[in-house]
Amino acid sequence: MNYDPAGLAALLSEPWSNGACRGYVIMAMENCGFAGDDIRRMMAELHELFDFVSLEEAEAHYQKSLF
């Protein structure tokens with residue numbers, strides 16, 4: 001995989017947005033055919049995680065996950 005330094009710099013300079021992250025999750029779940037009730041449950045859980053888990057903790061969890 002080749003990395004574009006300019007593209008990576010632009011991506012890293014974008015501000016974090018919980019709303020954008022929620023939008024990505026909603027779109028992914030809709031694209032995978034999840035029911036509205038399941039999406040609402042996911043959004044409630046995500047809201048809780050945003051309150052209690054730091055960005056660093058979430059990144060570390062992602063890095064060691066199987067996904």
Give the cluster check for F50 versus I26: same hydrophobic cluster or not, with ILVMFWY residues linked at side-chain heavy-atom distances below 4.5 Å.
yes
How long is the straight-line distance from CG of D37 back to CE of M42, given to the nearest 0.5 Å?
13.5 Å
Calculate, to the nearest 0.5 Å, the distance between atoms CD1 and CD belonging to I39 and E30 respectively.
5.0 Å
For the student: nearest non-hydrogen atoms of W16 and L55, plus distance:
CE2-CD2, 3.7 Å
H47 side chain reached by M43 side chain, heavy atoms, under 4.5 Å
no
Rounded to the nearest 0.5 Å, the CZ atom of F52 sits from the CD atom of E57 at a distance of 12.0 Å
Please find the pair of heavy atoms, one from L46 and one from R22, that lie closest to each other, and give the distance.
CD2-CG, 4.0 Å
